[in-house]
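A quick note: this is a predicted structure, and the numbers were derived from the prediction, not measured. All chains are named by letter (A, B, ...) in the order of the sequence lines, taking the proteins before the strands, and each is independently numbered beginning at 1.
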Amino acid sequence: MVRSASRAPRTWGTSAGFGHCPESLRRVVDGFSGPWHALNAAGAPREPYDCVVVAVRTLSDLRRVVPMHRLLPSAGRVRVALAEVPPWATGPMPAPGQSDAWRHLADLRITRTATGWHLDASFTEPVAAGEVVTSVARGLLGTGRHMSQPVIGLAGDHADEWRPGDANATPAELTLPPPERRDAPGCDLLLRLDRDRDRDRDRDRDRDRDEVRAGGAHIDLGSGRDHADPGPLPPVDEAVINPIGFKRHPTGPLAVLGPDFAVTSGSDVLVRLGPRGELTDVEVARLRNVRGVVIPSSEGAGPATIRMASGSAPGLAPGPVAEAAVGTVARIVAGLAAAGVPVITRPDAARDAVLGPELAEAVAAVGEEDLASDLRREETAIRLRGIALRNHGAVARWRAIASSAGLPVPPEPMVSVLLCTRRPEMIPFAVQQMERQRGVRLELIVGLHGLPAGSVPATDLPVTVVEASGGLPFGALLNRMAAAASGTFLAKVDDDDWYGPDHLADLLLARLYSGADLVGAAPEFVYLEPVDVTIRRRVGSERFAPFVAGGTMLITRAMFDAVGGFRPIPRTVDGQLLEAVQAAGGRIYRTHGFNYVLRRRNAREHTWQPPVQSFLTSYEEQWRGLVFNSLMEDAPASSPAYGRRK
Amino acid sequence: MRYAPRPRIPLNDYGVLGDPPEPGTWTPTLPVSVIVSARGHARSLRLTLAGLAAQSYPAHLLEVIVVDAGDGPPVVLPDRVPERTRVIRPEPGTSRTPDAGAAVADGHVVHLLDADLVLPPEHIEAHMRWHHLADHLVVLSRPRHAPGIEGKRTERRPDRTSDLRAAGPKAFTAMVGVPASVPADLLRASGGWQPSGEYTELGYRLAQAGAVFLAERHARSVRIGTAAEPDRSYLAEHVPTLRRLRRQPRRTHLVPYVEAVVPVGDAAAEDVRATVDGLLASDLHDIVVIVAGPPPGDGAQAIQEAYAGRSRVVFAGDAPGPASQSVPFRFHCPPGWVPSPQTLGSIVAFADRKALGVLSLALDEREGVVSARLERTAAMNRARLLARPGEDLDDLVHETFGTLWEAGETWGIAAASAPRPETSRPEQPREAARRSRNPLRRVLVGLLTRT
């Protein structure tokens with residue numbers, strides 16, 4: 001239908017992420033070809049438009065628009081075009097929240113395009129387009145990643161990369177003080193990314209670094225400490241750069257990061273990354289089939305001075321190019337590592353200084369032989385991504401930045417471990433497994449199911465003991481244990497399975513990047529006690545899935561309370577909890593199973609288990625005896641009663 | 001005292017032994033008996049013995065036994081012979097082959113030669129340096145043919161398999177003639193040298209006894225006679241693993257390919273019969289079924305009578321011991337479990353593809369796990385060779401060949417009481433079984449939500 005309007009509709013458009021592929025921007029929105037406005041804190045339009053078009057290339061770019069959403073004008077019609085999405089993403093269903101906009105909704109169409117989505121919403125009166133965009137981002141990727149405090153002011157080009165997905169950020173102008181909020185300062189910290197106009201790096205070197213400055217006059221950092229260093233790299237957005245969709249059996253060979261940041265495999269260009277090393281979910285999805293990416297070391301690059309100033313794109317002058325390249329390559333390494341794409345590279349002092357010692361060391365330790373077998377490659381990927389996400393993930397980085405700026409940082413969330421047992425001989429073994437958990441704050445809730453008190457050995461962990469008669473249903477006992485727990489998360493563990501030292505930390509990490517309400521590991525590794533064989537099963541991992549191993553469930557306290565806890569029945573309480581979470585609209589994420597070995601006991605001890613031959617119909621790999629992968633890090637032998645040779 | 005090192009060599013990959021010492025740089029300790037078969041080569045014997053007299057291997061460790069098996073005049077030793085040289089002439093009617101010599105040899109190693117071979121001085125040493133590294137090696141070296149004499153068999157295998165290292169269980173097929181050196185104990189354990197004198201058959205039996213085969217390129221020799229042609233029909237009867245020689249369908253051979261053992265125990269007669277019937281219906285015809293153990297009471301007669309006319313069914317009082325080592329595979333199947341017609345053929349092919357020593361198939365779990373088991377004789381005997389007291393044979397099989405557990409259902413073994421599922425096409429029984437959405441896989445969902 002062609003509308004013959006007397007006046008041309010006033011349409012305002014903005015785009016993100018098309019910097020190095022402008023041709024796809026022309027195709028992405030039907031009937032609108034520009035002009036495309038930059039989101040500018042100084043010149044934000046105030047009057048309503050007929051239509052606002054927001055074109056983003058990827059989810060990552062959508063997340064970058066969110067902190068700037070206040071700069072979008074209002075309009076009676078809002079179109080959001082998402083050029084490309086990774087296979088794991090859902091459709092852009094808006095999650096309304098408190099926003100006024102959706103009460104005026106007249107029409108909403110969500111259409112799948114060739115590679116992405118198009119959302120077209122009409123309203124009975126002009127609404128803030130930014131709220132619509134925020135709702136869409138929330139619907140796509142969820143919330144609850146613990147990043148909103150403190151409130152950050154963002155000033156300068158590409159400052160939006162520093163707070164991806166943070167709708168509570170304050171866009172600011174470089175030269176002006178950040179806008180005030182009602183009865184409160186506009187921000188707690190102001191991130192300024194100064195434009196390096198004259199490119200004279202010898203002069204005033206300190207000034208052209210990124211800065212985090214104390215925002216309002218009310219925060220006094222003390223004399224001589226009026227700014228903090230946020231580090232040279234923008235953080236990695238866990239919500240989109242993460243292991244979701246990891247392929248354990250890649251079909252492609254090693255790829256190489258070439259000049260102009262193209263990742264090539266033979267003569268094929270697999271992806272071309274942005275000039276500042278922007279890595280998005282779409283590029284990661286395209287790299288899922290490569291075994292690893294070889295990063296050539298940038299020989300001859302000058303030391304230390306890393307400038308992420310916005311103007312220093314490669315290809316202009318040799319000096320800044322080399323320097324920018326070091327930072328860009330570091331950003332690519334951190335991004336790939338966080339996404340679970342293994343990287344191979346030689347040490348490079350300048351780049352490693354940017355990556356930080358822990359990630360640099362881990363990356364340098366990866367050789368081609370580590371990626372030759374799929375199992376070892378996955379171990380390597382898990383190790384790298386854990387370090388990358390814990391060092392360069394947005395949540396972790398902002399904790400560090402806030403802390404270095406002198407702001408108080410809330411403690412890490414606590415995990416309450418629910419350990420319920422009927423077997424006193426297994427308690428020391430189980431407690432030992434929890435004692436070796438690292439990188440996580442935890443308390444132990446031990447449920448003694450028909451056992452006398454005093455069965456719990458001395459431990460440094462905070463322990464709460466809940467006793468119950470053997471007649472109490474298992475689910476009811478778990479609920480009593482949960483009531484005694486004080487953590488933000490509840491993790492259920494079994495007394496006879498083996499856990500790697502990063503088990504809980506990796507579950508927390510998976511919760512962070514998936515945003516799921518319940519996360520668990522895939523029961524990939526199973527020790528079949530009756531035939532003395534360890535198998536790896538074909539279980540898909542790193543995906544949203546309805547089942548996880550019962551002994552690895554980690555659920556948010558909020559979701560646990562929302563579903564009313566475990567079902568008070570003697571058996572299958574895990575499966576029932578998973579069903580309840582799904583029924584309540586929660587999401588369940590299954591992460592890798594390398595930190596967990598399930599023990600399939602002899603039939604006479606657990607009569608309700610599936611028969612041992614059923615495990616043997618679908619295994620992927622098999623080892624004789626009890627064998628651990630390297631991430632289990634020499635799990636302790638079991639208690640003598642069940643001990644087998646290793 | 002005999003030095004018997006027993007390194008654990010995976011399959012036939014003797015690379016774990018490391019590089020052998022260079023000739024002249026080490027001190028030999030093991031005695032060797034060189035057995036020279038003079039049959040038909042009396043005229044060139046002089047050259048062979050002269051070559052042996054000039055060996056770098058210490059004379060006090062070297063004895064030479066000339067087996068005079070010719071029909072002509074008795075062998076006369078020439079002037080130049082090694083220090084300790086004997087001639088034996090078997091009595092008419094007994095074996096005329098090098099085995100006659102092996103029976104009287106007192107060396108640790110038996111080195112087999114023909115009298116038409118001319119040896120450079122380091123020939124024996126090059127063989128013997130390997131025998132000092134492990135006691136279950138068969139060292140082969142390939143003679144060159146003298147100019148003008150056409151070699152009948154050119155044997156390329158060592159080149160394709162990195163000197164047999166990658167040859168796996170088929171390595172024995174490289175043994176097509178002499179020179180070959182074998183530890184005397186291993187030669188005895190393999191049953192010695194059979195009259196018809198097929199070296200491939202000897203190689204097969206040595207492999208069954210657990211031998212590792214090794215190609216030594218530096219032990220040179222020149223053949224000035226012509227080598228004998230192999231007797232294919234003999235090999236077809238005696239070497240079951242040469243499958244290309246056994247292409248006639250539904251034919252049995254002297255040595256079967258698989259020996260299926262059904263231990264009767266206290267099973268009901270109909271269960272035993274169901275299992276035996278299932279085995280006999282196998283598409284792999286080249287098998288023998290051993291019904292082992294005292295059949296219970298009344299059923300005994302019934303079982304015996306049921307198979308009275310079947311030559312492929314054997315009754316044994318007890319489970320057969322490890323002695324029947326000529327059969328390459330043994331399959332233990334508990335009574336009451338019925339393999340499909342494709343089962344035997346596909347598990348043997350699977351075990352060959354993966355070079356498995358033992359394939360265990362879990363059938364059911366009651367008090368313990370009920371399982372069927374396919375054993376490769378060569379692997380079991382290798383394990384017996386290597387086992388130290390108290391060691392589990394299966395552990396050694398796993399180290400050298402490999403063991404695997406699978407589900408019996410995957411390979412089409414069903415309970416006798418269960419209704420027979422539709423059998424899949426014989427072309428791809430395994431794939432079909434793999435893909436089927438069987439009920440057990442559904443049970444596995446329960447595991448994910450295990451309490």
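Looking only at distances, a side-chain donor or acceptor of Q622(A) sits under 3.5 Å from a matching main-chain atom of W405(B).
Contact annotation: the side chain of Q613(A) approaches that of D364(B) to within less than 4.5 Å [non-hydrogen atoms, C-beta and beyond]. In this structure the side chain of R624(A) reaches within 4.5 angstrom of the side chain of D395(B), judged on heavy atoms.
In this structure, OG on S360(B) lies 11.0 Å from CG on D532(A), to the nearest 0.5 angstrom. Put simply, OH on Y619(A) and CG on L404(B) are 3.5 Å apart, with the number rounded to the nearest 0.5 Å.
Heavy-atom distances place the backbone of L363(B), and not its side chain, under 4.5 Å from chain A. The contact between V612(A) and chain B is made by backbone and side chain atoms together, counting heavy-atom distances below 4.5 Å.
Annotation: R165(B), atom CZ; neighbour count of heavy atoms from other residues, nucleotides and ligands within 6.0 Å is above 12.
Considering every non-hydrogen atom in both A407(B) and T617(A), the closest pair reads CB-CG2, 3.5 Å.
Take T241(B) and apply the side chain to side chain contact (heavy atoms under 4.5 Å, CB included) test, not counting sequence neighbours, and it matches K170(B), F172(B), Y204(B), V239(B), Y257(B), P328(B).
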